[in-house]
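Per chain, numbering begins at 1; letters A, B, ... match sequence-line order.
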Number of protein chains: 2
Amino acid sequence: MTPDPAADRRFMAAAIALSERGRGLSTPNPNVGCLIVRDGRVAGRGWTQKGGRPHAEAQALEQAMEQARGATAYVTLEPCFHLSPRGPRCADLIARSGIARVVIALRDPDPRTDGQGAAWLREHGIAVEMGVMEAQARAAMAGFLRRQTLGRPAVTLKLGLSLDGRIALADGSSRWITGPDARAHAHLERARHDAILVGGGTLRADAPRLDVRLAGLEDRSPRRILLSRGDAPEGWERIGRPEDIAALERVDHLLVEGGAGAAAAFLRAGLVDRLLLYRAPILIGEGMAALGEIGLADLADAHGRWVLTDERRLGVDRLEIYAAARGV
Amino acid sequence: MTPDPAADRRFMAAAIALSERGRGLSTPNPNVGCLIVRDGRVAGRGWTQKGGRPHAEAQALEQAMEQARGATAYVTLEPCFHLSPRGPRCADLIARSGIARVVIALRDPDPRTDGQGAAWLREHGIAVEMGVMEAQARAAMAGFLRRQTLGRPAVTLKLGLSLDGRIALADGSSRWITGPDARAHAHLERARHDAILVGGGTLRADAPRLDVRLAGLEDRSPRRILLSRGDAPEGWERIGRPEDIAALERVDHLLVEGGAGAAAAFLRAGLVDRLLLYRAPILIGEGMAALGEIGLADLADAHGRWVLTDERRLGVDRLEIYAAARGV
């Protein structure tokens, strides 16, 4: 079983893809992915399930059964070491499974584990490698990491724009700027967040349902949060200021859907980690701007803040994803 | 000399690249490119020179000399057949050169040639092929074609934008939105146009020089045109309405550089053929919009008008080029 770095990266990429399945579902636990591989073949796959249990490793080991013996486990986050009434410690579960080698993307920043999971594995004669595709794993578990390091959810701001940066005509009409493929993708993004937030103006103007209208994913509709000083309608939660997201329980990934005022408030507060720009190949001219005042006094301060991390075509539209340059 | 379609396309692409060198210089003649190839080797290259003479074919034949005998000529536009006091007819020049085969991208829409150049070549026993890489040649000679078919120059609208579609802060400051690579590219685009146009507001606010500030290209600075009802300063020409571009002599390629009012006026008049969007990865929020009122009453009418034809990175910025879907 000679380590093969290229194969390690390939299998870790698969584990990270599995972790994405738990995004928006796994709180209060991180959305971990796990792949168990023996002799180059996948013997088990797991990702943290709804509400956080079972953990990815437990699920993958249960699938692998006897195949775990001598196998390599790829885990996107260091296996947990802390005791919980809700289930077994993954580090211990792995140590007793016969797994020979564990490849980890990211050391767990939770002080109750923070290296102790890996140490436990090594003590039990298991080869451990840490840091494989760490950056990609960080992006997939951004919400958990923001919670751990900043005490707040990871915030994605979504904008559906014309080429000239408009989100509606002057009369407010915005159906449709982007096409069906882009709108379907935006619904998929909703399913990947624990909660969606809009401002009071958008609620009044659009009365958005903010659910996931994709076949088979209707039950993935996230919680709805209103940024407003007024009252929230039935079925909505409310916060008064962007900073209040820290107090939202079980929200690790928050999607801000607009409008221009709410978007600007989050940017002004420095609370946006990721931009989803759905861009339609149209010009609108006079119309509603994507953003209100974000507190920029000098153009020089605008630079170096956003890095393009992904892009794709969605029908005739294009999606660009930017990450805050300060990193996760 | 068996025709080889892949080789034909390759050599025609080179001829089209040559034709781009004359863009913004060759008026009142089209910016044609010509490559003479014998036994797979380039024997002569030419492109229509400043002011329209010599023609591409004449230049390429002069380079090729005796090598023209039995060679293939790749020409982006059908060789001219009409008599001119300014120089020889290219169709006749080629017929007498010993060239064995002529590959043409585009039939000349000028009624004085319009197929007669190709017929003349065939009458002289020369093999003629027409329509190779026609679409690419059309794009390269867009200005000439617009003049022939619509009686006006091809118009490119340039916008330097933030991700949220702003061209300046609310106080008007716009230095700099895009970085040095994007600005250098924009200067290169100036050199590829016969004239540059701005609106009165931009002239007053920015007092733009609108010259080409690239080493070796300073003398390629195009004519400066003001869209305004007022007077034009020394060294500027003036038009009162976008439609007046038809009357601009020797302007086949016009670059509209702003501001929002002039850009909107050209869009409203349906006179923009190409968009150059230089996009910086920054957010501005409240600020100056890229476009004023363009006369859009219904979102449905905005769709299907623009097609992405090219894109590239320019430092941290990105250039997107859109063409009007109605085509050239």
**Student:** Check this for me, if you would: do Asp273(B) and Arg152(B) make a salt bridge, where the nitrogen-to-carboxylate-oxygen distance has to be below 4.0 angstrom?
**Tutor:** yes
**Student:** Which distance, rounded to the nearest 0.5 Å, do you find between the CG of Asp252(A) and the CZ of Phe144(A)?
**Tutor:** 8.0 Å
**Student:** Looking at Arg192(B) and Glu20(B), does any basic side-chain N land under 4.0 Å from a carboxylate oxygen?
**Tutor:** yes
**Student:** For Leu267(A), is it the side chain, the backbone, both or neither that has a heavy atom under 4.5 Å from a heavy atom of chain B?
**Tutor:** side chain
**Student:** Checking Thr156(A) side chain against Arg274(A) main chain: does a donor-acceptor pair fall under 3.5 Å?
**Tutor:** no
**Student:** Just how far is it from atom CG of Asp317(B) to atom NE2 of His185(B), taken to the nearest 0.5 Å?
**Tutor:** 12.0 Å
**Student:** From Asp310(B) CG over to Leu276(B) CG, what is the distance, rounded to the nearest 0.5 angstrom?
**Tutor:** 10.0 Å
**Student:** Given that the side chain runs from C-beta out, which part of Leu299(A) has a heavy atom under 4.5 Å from chain B: side chain, backbone, both or neither?
**Tutor:** both
**Student:** Using non-hydrogen atoms only, which part of Ala297(B) is less than 4.5 Å away from chain A: side chain, backbone, both, or neither?
**Tutor:** backbone
**Student:** Please determine which of Glu189(B), Glu257(B), His193(B) meets the side chain to side chain donor-acceptor pair (under 3.5 Å) test together with Lys158(B).
**Tutor:** Glu257(B)
**Student:** At a 4.5 Å cut-off on heavy atoms, which part of Leu277(A) comes close to chain B: side chain, backbone, both, or neither?
**Tutor:** side chain
**Student:** Looking at Arg305(B), His303(B), Arg166(B), which makes the most heavy-atom pairs under 4.5 Å with chain A?
**Tutor:** His303(B)
**Student:** Side chain, backbone, both or neither: which part of Asp301(B) has a heavy atom under 4.5 Å from chain A?
**Tutor:** neither
**Student:** Any chance you could lay out the side-chain contact (heavy atoms from CB on, under 4.5 Å) test for Leu283(A) and Tyr322(B), step after step, and finish with the verdict?
**Tutor:** CA-CA 11 Å; Leu283(A) 297 175; Tyr322(B) 291 84; over 6 Å; no
**Student:** Could you tell me which of Ala280(A), Gly292(A), Ser162(A), Ala264(A) has the largest number of non-hydrogen atom pairs under 4.5 Å with chain B?
**Tutor:** Gly292(A)
**Student:** Side chain from CB out, backbone as N, CA, C, O: work out which of these in Ile177(B) comes under 4.5 Å of a heavy atom of chain A, or both, or neither.
**Tutor:** both
**Student:** Please state whether the side chain, the backbone, both or neither of Leu169(A) comes within less than 4.5 Å of a heavy atom of chain B.
**Tutor:** side chain
**Student:** Under 4.5 Å heavy-atom distance to chain A, tell me which part of Arg279(B) shows up: side chain, backbone, both or neither.
**Tutor:** side chain
**Student:** Rounded to the nearest 0.5 Å, what separation is found between the OH atom of Tyr278(B) and the OG1 atom of Thr178(B)?
**Tutor:** 8.5 Å
**Student:** Give, for atom CG of Leu145(B) and atom CG of Leu150(B), the distance between the pair rounded to the nearest 0.5 Å.
**Tutor:** 10.0 Å
**Student:** Against chain A, label Leu308(B) side chain, backbone, both or neither, depending on which of its atoms sit under 4.5 Å from a heavy atom there.
**Tutor:** side chain
**Student:** Chain A: which of Ala290(B), Ala260(B), Ser174(B), Ala302(B) shares the most heavy-atom pairs with it under 4.5 Å?
**Tutor:** Ala302(B)
**Student:** I need the residue from Ile167(B), Leu275(B), Asp164(B), Leu163(B) with the largest number of non-hydrogen atom pairs under 4.5 Å to chain A.
**Tutor:** Leu163(B)
**Student:** In terms of heavy-atom proximity below 4.5 Å to chain A, should Leu161(B) be classed as side chain, backbone, both, or neither?
**Tutor:** side chain
**Student:** With only heavy atoms counted, which part of Arg318(A) is less than 4.5 Å from chain B, the side chain, the backbone, both or neither?
**Tutor:** side chain
